[in-house]
Amino acid sequence: MSNQAPNQARVIPLRPKTAPTPAPAAPVTPAQPAPREPLFRDLVGDVLRRERVAQERTLKDVADAARISMPYLSELERGRKEASSEVLAAAAHALGLDLGDLLSLAQSELTRHNRSRTHARTTTSAPYNGLCLAA
């Protein structure tokens with residue numbers, strides 16, 4: 001039930017009243033977005049492509065050896081598809097790697113990426129407190 005008296009119309013405003021917004025004192029500069037962490041599929045794809053190119057093999061050659069389609073292997077290398085463990089193992093074996101080797105190389109890529117990201121963050125935001133000599 002409502003608390004209104006009978007025979008009284010209830011008014012619902014179509015536009016809510018808003019207080020005027022104060023103008024900002026200084027222009028707001030957008031903060032730089034934090035660099036995104038790479039996806040697992042991107043890391044694995046980079047490793048697959050790097051290993052294939054290092055062996056001077058074609059997509060068709062590796063795809064045939066792994067018994068997967070050439071377009072699918074291409075999408076894996078570009079990080080467009082999430083592969084099952086069976087497909088990753090087949091692609092790794094076609095390149096002469098074990099699945100553990102492939103995952104270890106992807107983990108090394110992630111570690112390298114995180115180190116460079118941490119290094120960039122500490123060097124750009126920390127003040128220089130070293131000795132500076134001028135001649």
Side-chain angles (χ1 to χ4, degrees):
M1 293 298 244
S2 74
N3 295 337
Q4 294 179 349
N7 296 330
Q8 269 190 332
R10 186 171 63 157
V11 177
I12 302 172
L14 296 178
R15 292 187 187 137
K17 294 181 180 179
T18 59
T21 57
V28 178
T29 57
Q32 288 190 0
R36 71 174 181 92
E37 195 164 346
L39 298 174
F40 177 72
R41 66 178 183 233
D42 292 330
L43 297 170
V44 170
D46 289 343
V47 170
L48 288 173
R49 177 165 287 180
R50 188 175 57 242
E51 288 296 319
R52 179 180 61 79
V53 169
Q55 295 176 16
E56 298 179 355
R57 294 175 67 186
T58 64
L59 271 171
K60 181 168 177 29
D61 178 38
V62 175
D64 288 345
R67 299 185 57 117
I68 57 179
S69 73
M70 190 175 65
Y72 189 69
L73 179 59
S74 174
E75 288 182 327
L76 288 178
E77 286 187 353
R78 291 180 289 134
R80 303 281 189 226
K81 295 285 184 184
E82 292 276 357
S84 67
S85 58
E86 291 89 358
V87 171
L88 289 178
H93 289 159
L95 292 167
L97 302 171
D98 290 330
L99 181 59
D101 297 332
L102 176 67
L103 298 178
S104 177
L105 290 169
Q107 187 265 338
S108 298
E109 285 290 316
L110 181 60
T111 303
R112 183 178 310 121
H113 179 270
N114 286 340
R115 277 193 198 131
S116 67
R117 205 172 89 186
T118 303
H119 178 68
R121 192 175 342 145
T122 58
T123 57
T124 58
S125 62
Y128 179 71
N129 292 328
L131 179 65
C132 181
L133 300 175

Determine which pairs satisfy side chain to side chain donor-acceptor pair (under 3.5 Å) with at least one residue from residues 92-106, sequence neighbours left out, and list them in order. none

Between CG on residue Asp46 and CG on residue Leu110, distance to nearest 0.5 Å: 11.5 Å

One should read off an interatomic distance between Gln55 CD and Glu51 CD, to the nearest 0.5 angstrom, of 6.0 Å

Leu39 and Val44: same hydrophobic cluster, using ILVMFWY side-chain contacts below 4.5 Å? no

Taking every non-hydrogen atom, the tightest pair across Leu99 and Ala89: CD1-N, 3.9 Å

Closer than 3.5 angstrom, by distance alone: can the side chain of Arg57 be matched with the main-chain N or O of Arg52 as a donor-acceptor pair? no

Could you grab the distance from atom CG of Leu59 to atom CZ of Arg49, nearest 0.5 Å is fine? 6.5 Å

Over all atoms of both residues, closest heavy-atom pair of Ala94 and Ala65: CB-CB, 3.7 Å

Answer yes if Leu103 and Leu43 sit in the same cluster of Ile, Leu, Val, Met, Phe, Trp and Tyr residues linked by side chain heavy atoms under 4.5 Å apart, and no otherwise. no

Drop me the distance from Asp42's CG to Arg80's CZ, to the nearest 0.5 angstrom. 8.5 Å

Just by distance, do the side chain of Arg41 and the backbone of Gly79 share a donor-acceptor pair under 3.5 Å? yes

Looking only at atom types and distance, does a side-chain atom of Ser74 sit under 3.5 Å from a main-chain N or O of Met70, one as donor and one as acceptor? no

If every non-hydrogen atom of Glu75 is compared with every non-hydrogen atom of Lys81, which pair is closest and at what distance? OE1-CE, 2.9 Å

Between Val62 and Leu97, is there shared hydrophobic-cluster membership here, with clusters defined by ILVMFWY side-chain heavy atoms closer than 4.5 Å? yes

Separation between CZ (Arg112) and CZ (Arg115), nearest 0.5 Å, reads 9.0 Å

With hydrophobic residues grouped by side-chain heavy-atom distances under 4.5 Å, do Val53 and Leu73 end up in a single group? no

Once you round to the nearest 0.5 Å, how far does OG of Ser85 lie from CG of Leu102? 11.5 Å

